[in-house]
Amino acid sequence: MSTVLPILLEEVVFRPGGRRVIDGLSARIKTPGITALIGPNGAGKSVTLRIIDGLLVPDGGTIRFGDRPPSLVRRAFVFQRPALVRASVAANVALGLSSMRLSSSARRERVRNALERVGLADRADDPARKLSGGEQQRLALARAWVSEPELLLLDEPTANLDPGATEAIERLVAAIAEAGVKVILVSHNLGQVARLSEDVLVVERGRVVEHGPARQVLQTPRSTEARSYIKGELPWTLFAAAS
Amino acid sequence: MDALRRGFISLLLANLIAGPAVAQSQKFITVASTTSTEQSGLFKHLLPRFTEKTGIEVKVVALGTGQALDVGRRGDADVVFVHDKAAEEKFVAEGFGVQRHEVMYNDFVIVGPKSDPAKAAGRDVVEALRKIAAAKAPFVSRGDRSGTHAAELRYWKEGSVDVSPVRGEWYKEIGQGMGPALNTAAAQNAYVLTDRGTWLSFKNRGDLTVLVEGDQRLFNQYGVMLVNPARHPHVKVVEGRAFIDWLVSPEGQKAIADYKIEGEQLFFPNAAGAGRS
Amino acid sequence: MLQAFGDAIALLQALDRDVLAIAALSVRVSLLAVTFACLVGLPLGALVAVTAFPGRQAAIAVLNALMGLPAVVVGLVVYLLLSRSGPLGAWGLLFTPTAMVMAQTVLVTPLIAALTRQIVEDADRELGEQLRSLRLGLWRRATTLLYDARFSLVVAILAAFGRAISEVGAVLVVGGNIAGHTRTMTTAISLETQKGDLPLALALGLVLIGIVIAINALASGLRLYAMRAYG
């Protein structure tokens, strides 16, 4: 389905108020499949995800989706917190369709399908904010999925969830990728990264310090930054600076 | 969203439907008049009689005489019914009103504390004011360009008392209607010039009582004028004339004489005798 | 004071049709004014909340300041507009309930717009990124946030209604306090106070407070009920 690829980030710079959050980040992300972005807090993973989505506009560098204009690439974003409107479950999913011209019957049909895929079909008329945390995140996935994106961006989607709910989300993400949607996942859960992703980018201080197949990066990281992050160690430079 | 929208729409509908229930009859005139006629209850007594006879509803906006004349000048009333002869004649002379008819008079009284610290009680209004000024006893003035205010300033002038230097001392200008002036005087045990009608219907008298009355100079003439349709074409000439004609007719004059509070007549009709200027 | 309260309560028991008509007019005028103010103020406030434009902070400061518009000044401006000698004089609306609705609409629209701006901006902090990511246009984002914040907005609307029904300056100037026509609860209270009939003024005041409490209770009840349902 996807002809988008590869996603090319070249020397991307983002410096709000002069602070270099993204500092010459380059990457070539191939599709399809699931790509994970890992790295310490503040490294710029979430910002990178927002730049790919178009929520943030970089101050320098380029992003290309194959040879297609970015505005035509259908992208969807699921945030750590599901950000639901105080309305019914179905109305929240329908929000994902609001930029499309559809007949109301087609709209209803697509909402119903999306809810079925995430196992919430029987909750369509319930208030969205009354769902459990896991259900809310599945609803957020349905809202993203209903627009039939080519690219799905996930920012720590299971950070607030219990293991059962996390597993449900992982199964759904795997199914979405299986259906041909390119997925880029930011996660601190290395087990999750290992279970889901094919390749991993390690981001550190606004740059990609390592990019390779998941198994290789997680088990035998080449860069010192990736090694220390994966081992859960703080970089020694921090200590040096502090002492 | 729907519930909210439905709520708004039904609210709007309810309002619009409820609207006509309070709607006015087609024929009405707007009369700019004074607080003394409104607050004394005279209009509540007169207007139903007029409306019953003619089917014309009268909407009264009660202001000070000066403001009422202004409302007439701007064309915002059809008829002006006030009490300041000099200002009324100027209003007509400048072409804002058509013709002035005298309707009735009432009288002013000076009320003040029962203890009367200035020893002002008596018949002579000018003498009483001189004594109040000499004693520097607190005096409340309307200060609102009303007919009552104009009369008060005339009396001070006749007594050769200049109140401008003592403003804010014992002489207090409040810039409000008769009722607030009486409320202020009651609260401060001050002297105040008032029309008898408002005084009689006033309920918060405190320690105040009538001290000066009966002076010829205290008579207070009311006049009524149609706003000039040549200047303001929307003026309801027919209905406005009907109201004026009724006020000066024997029937209207009798209705004015009939209005009493606690057995006391408030307004004395004098249309026939006083003639028309 | 106690005496006045006693008299007031006795008067309330003998509430006559005049008082009911006056109360009905007060409620009708203020509800209509708040309705029109909502039609303008809700979208205006929401659009200011979700739009970035030069001078936005200044616009917000002005909007907030307008919440404190003096009622008498609003009344005076509307009076000058509607007077036969004013630009809209031909409409013949001065000293009518319509004029009072207009003046109160001017008075409370900034209140609704300013409170809406704050409430929607708070909602935007929570949902804005998600809505932009869903590629919603400006208008769609504004309406979605308005809908999301509807329970908080009820409070803003109640505040506007409270301001409208309790003000006396604007309705007195443009309505003229004409008995049976433009006399509202507040102008009647002011008139009775001037006549020195303090017990009656107080009785009318109690009725006005009662109306305000009843309408607030009704709205708050509906709001609580809806909040329980929608989270």
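Order of the sequence lines fixes the chain letters, A, B, ..., with proteins taken first and strands second; residue numbering starts at 1 for each chain.
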Proximity breakdown for C/Leu93 and chain B, heavy-atom pairs closer than 4.5 Å: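 For C/Leu93, there is no contact with chain B at all, as no heavy atom is under 4.5 Å.
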Identify which part of [X] has an atom lying under 4.5 Å from any heavy atom of chain C, answering side chain, backbone, both or neither.
X        : result
B/Val31  : neither
B/Gln176 : neither
B/Ser201 : backbone

Centroid-centroid distance, B/Tyr259 to B/Phe267, less than 6.0 Å: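 Centroid separation for B/Tyr259 and B/Phe267: 6.0 Å or greater.
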Among B/Leu182, B/Asp76, B/Asn204, B/Val61, residue most engaged with chain C (heavy-atom pairs, under 4.5 Å): B/Asp76
Ring-face cation contact, B/Trp246 with B/Arg241, 6.0 Å cut, 45° max: no
Check: B/His234 side chain, B/Gly75 main-chain N or O, donor-acceptor pair, under 3.5 Å: yes
Non-hydrogen atoms of B/Val82 and B/Ala32 that approach each other most closely: CG1-O, 4.3 Å
Rounded distance (nearest 0.5 Å) linking atom OG of B/Ser40 with atom CG of B/Leu266: 6.0 Å
